[in-house]
Amino acid sequence: MDQIILWGFNIHAWITIAVVLVTFSTLLFTKLRSDVVFMGAVGVLYITGVLDADGAFAGFSSESVVIVGVLFVVVAGLMHTGVLQWISKNMLGQPKSYPSAVVRLMLPVAALSSVLSNTAVVALFVGIVKMWAKKLHTSPSKLLIPLSYASGMGGVCTLIGTPPNLIISGMYAEHTGKTMNVLATTIPGLFCLTVGVLSVIALRRLLPERKAPEKAFEATNDYTVELLVPADNAHIGKTIKEAKLLNVRGGNLIEVIHYDEVISPVPEDEVIMGGDRLVFAGEVDCILDLKKSFGLVNADHPVFVTSEVDNNRQLRTAHVSFGSKLIDMTISESDIEKENNMVLVAVARSGERIDQSPREVVLKAGDTLLFECSPKMNINTENLASQLYFFDSMQVSHISAKSFVSSAIMLAMVVLSALKILSLLQCAFLAAGAMLLLRCCNAEQAMKAVNWSVLMVFACSVALGTAIQNTGIAEQLARAIMTACGDHPLIVMTSICLVGTFITEFISNTAAGAMFFPIMYEAAENMGYEPYPFLIALMISVSSSFATPIGSTTHMMVYGPGGYHFSDFMRIGLLMNFIILAANIFIVNIVYPLTPL
């Protein structure tokens with residue numbers, strides 16, 4: 001059956017095409033977890049016989065996938081010894097102009113992203129940049145897009161900086177038996193980074209000036225009402241449930257204050273006492289009607305203000321992440337408050353607070369939520385972290401001897417690999433082992449640092465790339481591109497990189513790298529050229545997504561904190577895509593001249 005040919009493709013090729021299209025459509029238009037979607041895709045390819053067991057699950061033993069997993073442990077050592085936090089706190093300084101601020105921000109971020117996870121670096125810097133922007137009297141939206149861009153452009157400067165570099169270099173090694181140096185992309189990457197920094201400065205007027213979302217929460221009296229229970233109130237002695245005070249018209253009860261005791265979230269069986277302060281959040285005018293209907297009075301001195309939040313409670317800001325299960329739901333339809341012992345106080349969208357009962361607001365991606373919770377609440381639980389991004393002031397770990405030890409381990413790993421004294425995988429294992437043996441992090445911290453979802457997507461992407469090549473799809477597409485573009489290698493390279501750049505605006509760069517590797521490799525070989533420079537250009541292009549917030553995890557991380565609109569990325573990002581593409585093709589062909597086979 002696999003010999004049936006239709007439009008140049010056999011049945012296995014058409015199954016692969018269908019699986020790829022369904023996979024990417026599912027990622028774009030549904031909220032299903034990406035690791036589940038990719039695993040399902042590999043399962044279909046295996047069941048239908050497109051891939052045998054070795055091909056379907058080779059990604060799980062792929063050297064590049066293992067390297068990514070081990071590097072998570074190395075990053076854990078740097079984080080738990082305070083190195084990354086210290087860097088993020090101390091490298092920005094006090095620039096006197098916006099161009100200077102962009103340089104002071106983008107270069108350190110790019111340097112860190114060249115050896116560390118982009119998402120970890122951006123997560124560390126977001127809170128710092130927001131506070132820094134306030135000192136510079138500028139909107140955070142002017143700096144958070146450059147922050148995200150810098151992490152992506154820095155990531156391409158080394159093979160370990162971003163997953164596509166590892167996946168493409170790993171596939172190259174499997175096809176040729178030759179390994180790429182860990183610094184193979186450094187010179188092209190640095191050139192593109194320089195062009196990118198200058199472009200951001202030149203195009204700064206295209207960066208939006210949005211109101212910081214949390215500014216909508218500064219005056220708590222705009223969305224909360226504190227009412228006092230007088231001594232003769234008829235509801236004294238009743239529970240909150242019996243008095244029907246938990247959810248009222250226009251809002252909900254977020255806390256009860258018994259003298260010095262703060263109760264939040266408020267249980268239904270909490271007994272109302274004379275002198276209690278009841279704090280409601282929502283539509284102020286509607287809630288004030290409670291004074292008549294429930295016999296309550298205004299509190300003489302509101303205590304629910306940011307400056308008076310005590311040690312027993314804390315106000316924390318979070319942003320609804322893309323792909324969150326909370327999207328198109330109200331918080332009351334979710335168990336997230338109950339599971340994490342917190343209560344929603346207010347909701348803002350595009351920098352403006354929504355004047356509605358917060359628990360009845362239908363949430364959208366990028367919404368900013370204000371929660372009241374315990375200071376000890378763990379915001380890193382798997383369920384909570386997958387739904388919301390919390391950005392608070394970083395607690396800087398104390399700099400000690402271990403901070404210098406972990407830094408030395410990281411530096412040694414890069415140097416040993418760059419000099420080819422040991423392979424990158426060997427260096428990564430040695431670095432991870434040293435982090436554990438020298439107690440830069442413990443075993444539990446190391447295991448928690450490993451992002452298993454990322455590894456699953458990475459491994460499954462390898463299988464998709466294998467299917468695209470084994471079924472002849474890559475060869476056919478390469479020939480089609482050459483037919484359309486001629487045999488000129490620069491035109492073919494540019495065309496594939498251009499398509500790769502825009503595809504990665506909608507799918508993960510890891511998947512784009514795996515998908516376009518066989519196409520670029522086949523195109524180079526069919527023209528009679530060494531694939532190496534073509535693949536270096538591909539590495540940079542599939543990590544150059546600037547035009548949509550869904551094009552990169554780091555874009556999604558700054559989307560809510562910056563108060564951005566979807567189109568804000570497109571205004572500057574489309575130009576950035578073409579600028580970096582031109583810089584990429586130019587520098588790669590200078591550093592790595594095309595060589596006939």
Side-chain angles (χ1 to χ4, degrees), residues 62-65 67 114 153 155-193 414 417-420 422-425 427 461-462 465-466 468-469 474-475 477-479 481-482 485-501 504 509-510 512-544 580-597:
S62 168
E63 182 175 315
S64 52
V65 175
I67 289 172
S114 68
M153 289 187 285
V156 301
C157 290
T158 66
L159 292 190
I160 62 175
T162 187
N165 286 10
L166 281 169
I167 201 169
I168 291 171
S169 62
M171 287 180 166
Y172 176 76
E174 289 175 11
H175 280 73
T176 65
K178 305 173 186 175
T179 58
M180 289 186 178
N181 190 291
V182 71
L183 301 180
T185 57
T186 299
I187 295 177
L190 288 175
F191 181 81
C192 291
L193 172 63
V414 175
S417 177
L419 296 177
K420 294 192 174 182
L422 295 171
S423 72
L424 179 54
L425 181 60
C427 291
S461 294
V462 172
T466 301
I468 289 171
Q469 183 155 33
E475 185 176 359
L477 289 177
R479 287 177 178 173
I481 291 171
M482 286 189 291
C485 301
D487 290 333
H488 197 290
L490 282 181
I491 296 177
V492 172
M493 178 191 290
T494 303
S495 300
I496 296 176
C497 285
L498 176 64
V499 177
T501 293
T504 199
N509 55 4
T510 302
M515 183 171 125
F516 278 89
F517 168 84
I519 298 171
M520 186 69 94
Y521 189 90
E522 292 286 348
E525 285 209 323
N526 287 345
M527 289 185 293
Y529 286 94
E530 163 61 45
Y532 193 96
F534 290 81
L535 298 177
I536 296 292
L538 180 64
M539 289 180 183
I540 296 174
S541 65
V542 296
S543 291
S544 299
I580 299 302
L581 175 65
N584 174 18
I585 301 301
F586 171 77
I587 191 63
V588 166
N589 282 276
I590 290 178
V591 177
Y592 298 108
L594 299 181
T595 306
L597 289 171

Those residues that, when tested against [X], pass side chain to side chain donor-acceptor pair (under 3.5 Å) (two or more places apart):
X      : value
Glu530 : Tyr172
Tyr529 : none
Thr176 : none

ring-ring contact (aromatic ring centres under 6.0 Å, His included) partners of His175, counting only residues at least two apart: Phe517, Tyr521
If you round to the nearest 0.5 Å, how far is [atom2] of [Y] from [atom1] of [X]?
X      : Y      : atom1 : atom2 : answer
Ile536 : Met539 : CD1   : CE    : 4.5 Å
Asn165 : Met180 : CG    : CE    : 9.0 Å
Leu159 : Leu183 : CG    : CG    : 8.0 Å
Ile585 : Leu498 : CD1   : CG    : 9.0 Å
Ser541 : Ile496 : OG    : CD1   : 9.5 Å

Restricting to non-hydrogen atoms, name the atom on [X] and the atom on [Y] that form the minimum distance, rounded to 0.1 Å.
X      : Y      : answer
Ser543 : Pro164 : OG-CG, 3.8 Å
Gly513 : Ile167 : C-CG2, 4.4 Å
Val588 : Pro188 : CG2-CB, 4.1 Å
Leu193 : Met153 : CD1-CB, 4.0 Å
Cys192 : Ile580 : O-CD1, 3.6 Å
Phe534 : Ala524 : CD1-CB, 3.7 Å

Are [X] and [Y] packed together at the side-chain level, in the sense that at least one heavy-atom pair is separated by less than 4.5 angstrom?
X      : Y      : result
Ile468 : Met515 : yes
Glu525 : Pro531 : yes
Ile160 : Val414 : yes
Leu594 : Met493 : yes
Cys497 : Met520 : yes

List in chain and number order the residues that pass side-chain contact (heavy atoms from CB on, under 4.5 Å) with [X], two or more places apart in sequence or in another chain; answer none if no residue qualifies.
X      : answer
Thr504 : Asn509, Ala512, Ser545
Ile187 : Val591
Leu419 : Val415, Ile421
Ser114 : Cys157, Thr158

Within 6.0 angstrom of Tyr532 OH, more than 12 heavy atoms from elsewhere: yes
Pairs touching residues 583-597 that satisfy side-chain hydrogen bond (donor to acceptor under 3.5 Å, both in side chains), sequence neighbours left out: none
Side-chain donor/acceptor of Ser169 to backbone N/O of Leu166, under 3.5 Å: yes
Are the side chain of Thr494 and the backbone of Ile491 linked by a donor-acceptor contact shorter than 3.5 Å? no
